[in-house]
Protein chains: 2
Amino acid sequence: MQQMRTSADLRIHNQARLLRAVHDADEPLTRAGAGRLLGFGRNTMATLVGELEAAGLLHEVRADVAGRGRPTTLLVPHPRGPIAFAADIREDSWTLAQIELGGLLTELAAGEHDRTPAVFEELRAAMKRHATGRTAALGIAVTGPLRDGHRLHISHLDWGEVDLRRHLDDEWPTAVGNDARLAGLAEARRGALRRTGTALHFHIDFDIGGTLLLDGDPQRGAANIAGEFGHMPLTGSRLRCMCGVHGCWSLDVGTNALLRHFGREPGHGRGREFGREIVARAAAGDPEAGRAVDDNATALGRGLGALANALDPEAITLSGLGVDLIRLRRDLIEAACADALMEFRRATPPRILAGTVGEIGPLRGAAEIAFDAVLHPDELRKRL
Amino acid sequence: MQQMRTSADLRIHNQARLLRAVHDADEPLTRAGAGRLLGFGRNTMATLVGELEAAGLLHEVRADVAGRGRPTTLLVPHPRGPIAFAADIREDSWTLAQIELGGLLTELAAGEHDRTPAVFEELRAAMKRHATGRTAALGIAVTGPLRDGHRLHISHLDWGEVDLRRHLDDEWPTAVGNDARLAGLAEARRGALRRTGTALHFHIDFDIGGTLLLDGDPQRGAANIAGEFGHMPLTGSRLRCMCGVHGCWSLDVGTNALLRHFGREPGHGRGREFGREIVARAAAGDPEAGRAVDDNATALGRGLGALANALDPEAITLSGLGVDLIRLRRDLIEAACADALMEFRRATPPRILAGTVGEIGPLRGAAEIAFDAVLHPDELRKRL
DNA sequence: ACCTTTATGTTCCTGTCTAGAACAAAAACG
DNA sequence: CGTTTTTGTTCTAGACAGGAACATAAAGGT
């Protein structure tokens, strides 16, 4: 917690708690319900909500009456309240969306790109088109490690080091995160990891990216490049990985591993189509594709077990290809995981779940970190 | 942060901040200096310190005058203030100590034990002898995973599952942690990891235990059994580990691995003497011992690199045998670590350091978690 | 139709907390 | 021995959340 010393800090803190509760709620909160949830009396709620309404952050609308008692109001986003941009930049495409208080996500624009950093120009143009006076922050998901929060490395696109600060204006507070981390955040906020204390999320695409979530917070590490779980030698492979290390877990799990099983050289973010085809064939009963998927699932499980020994997650969620692997080979994954778990842990293994946020996980996560900036006490202070 | 809503909570929070600052300070804080550090005016400091003095938590003594201006006071532990017990229970011995505000640690009693849970009886007797009205909390370090914070598994002592709640009274608030986690906490509070955001600590004894420290906080995992980094397959071993898994890192690093190099069967917490002898021989130039230590160091480095890829620590500290390995084979460790680091990380590898707290790390960590209970807002509320 | 019950909103007052200002105190400096 | 510097003390002010009493708006019951 940042500085909290004076009663003014306390007020900001409580306003932030209220807005956070509204933002994170599964269903719209009533004013009375929010008061109960947060422990405020009706008098205090009146002043808090009043101030937030005056600041253009919250709006009250009549709630449908339910049962006895004086009707209360619903706490909804203010019609002129702040909106955040969220962008997801993938190997070959980009998406721009906006999010408002409460989590409503609306797609604004999307496109293909030419696998060069010119994509940032397209994104800036799209933002210029859609920006309004309400736009307050920007969150971006990118598909690679982000050293120090702005130096992007995407080796398989030959982006040696792309400095995001050169490609983006600083018109709004901007937060950036890699896709796996943000997909994990999305699961923690809106998906299968809600109310989970310690969890792991893995986004399996060409290879594996992941994030350790502690009380819903996806960890960043010292230089913002934590999460490369795919580049630990967890499955005994002898191959050299594109990252420069031998034996990486990602050599055996992900679309690249599927391609390699069929003799295709993986790399440069190509072959996703064929990967999907292998999964489809395996689902249809093709034996060779089935073996490729078997190997993938087994290697996945072994790695998950090893990581569970060290990090003791309550649950592990998967997105991307991981969802298919769970659907087709849950047994294999769980058996391999159990084999890799220390004996005394096997009675209570971590739950392994498919993420429920789906394809838009990184975009949703980018939206969340963007809106987090708006709800941050320092930002709030300026509006109140 | 637990509930923080009212101005009374704010006061407790600020009192806790002040006591925490006094406790964590490298040198005794002055009242004026603490005020500057925490951002309080002199008036507020007067009331805060006054209340803490009245509550028997803080005491003011005249400070040596330094330079101009009215002399201020030193903030020291109250002569009748709370004291916490700290205990360290190892495979064959136990220690009881006490800690007071500011971190002063005093050993009270110690002994050997018979490798059965009867050690807890000895410990209770020692505590009964040394308890006074000032005793306020108890922290214990144990050498094994502690499921749910009270179920202790020490497979190599054949302690299948020992429920600590049956062996301890609940006379005081009691906190328990495993030795590696508490050694890491000790480094974060009083050693080489002060002011380090993301760090890893490994305690290398017979095998490897570790902990991930985030802003000084050693992580626990969902069931309090995080930290078994030694039971991930990071070095390609084919052996079966006592934990029930194949290929564990601990098969190649630690005293057990040294023993195995010399054809001795490891296990049951025996052979530490011979392990020390191997280290001494290697230091003296014995080639066979040297090779054993080489292998240990290389395997250590490989594992550290793999973990750094995933967790991106700023620094890694080692205790136990790790201190000897750094002293004798720093180059090998760092080279193996670099080989296991993703290429783009090699320019800025994590610092690998020997812990500076020393042998008493687990005891010091136990003392810290015990005193943390005293400084916790809920406990403080009772005293104010 | 009318009163009761229930839940919520509003108003006013109280207690607590930190900050600011003015002043007092205790040292070093010249 | 007065000045400067730093700290402690006291008193007042401003802000915040809570409690109590009352008002309001619905459903239930007769």
[X] [atom1]: over 12 foreign heavy atoms closer than 6.0 Å:
| X | atom1 | value |
| --- | --- | --- |
| B/Asp170 | CG | no |
| A/Arg80 | CZ | no |
| B/Arg17 | CZ | yes |
| A/Asp26 | CG | yes |

Reckon [X] has a side-chain N or O less than 4.0 Å from the OP1 or OP2 of [N]?
| X | N | answer |
| --- | --- | --- |
| A/Thr6 | C/dA19 | no |
| B/Ser7 | C/dG15 | no |
| A/Thr72 | C/dG9 | yes |

Nearest-Å distance for atom pair [atom1]/[atom2], residues [X] and [N]:
| X | N | atom1 | atom2 | result |
| --- | --- | --- | --- | --- |
| B/Met45 | C/dG20 | CE | C1' | 17 Å |
| B/Glu51 | C/dC17 | CD | C1' | 10 Å |
| B/Arg11 | D/dA15 | CZ | P | 19 Å |
| A/His13 | C/dC17 | NE2 | P | 17 Å |
| B/Phe40 | D/dT9 | CZ | P | 17 Å |
| B/Asp9 | D/dA15 | CG | P | 21 Å |
| B/Met4 | D/dC16 | CE | P | 15 Å |
| B/Ile12 | D/dC16 | CD1 | P | 21 Å |

On DNA chain C, check which nucleotide each of B/Leu10 and A/Arg31 is closest to and give me the residue with the more 5' one.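 Upstream on the strand: A/Arg31.
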Can any side-chain N or O of B/Glu379 pair as donor or acceptor with the backbone N or O of B/Pro377 at less than 3.5 Å? no
Tell me whether the side-chain N or O atoms of B/Asn43 pair up with the base of C/dG20 as donor and acceptor below 3.5 Å, since no angle test is needed here.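 Result: at least one qualifying N/O pair found.
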If the sugar-phosphate is the primed atoms plus P, OP1 and OP2 and the base is the rest, what is the B/S/- string for nucleotides 22-30 of chain C, using protein heavy atoms under 4.0 Å? --BBBBSS-
May I ask you to decide if the ring planes of A/Phe371 and A/His23 are parallel, tilted or perpendicular, using 30° and 60° as cut-offs? parallel
Could you give all pairs that pass the salt bridge (charged side-chain N to carboxylate O under 4.0 Å, His left out) test and reach residues 41-57 of chain A, with sequence neighbours left out?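 Sorted pair list: A/Arg11-A/Glu51.
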Measuring from the side chain of A/Ala32 (C-beta onward, heavy atoms only), which nucleotide among C/dG15, D/dG8, C/dT8 has the closest atom?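 Among the listed nucleotides, the one closest to the side chain of A/Ala32 is C/dT8.
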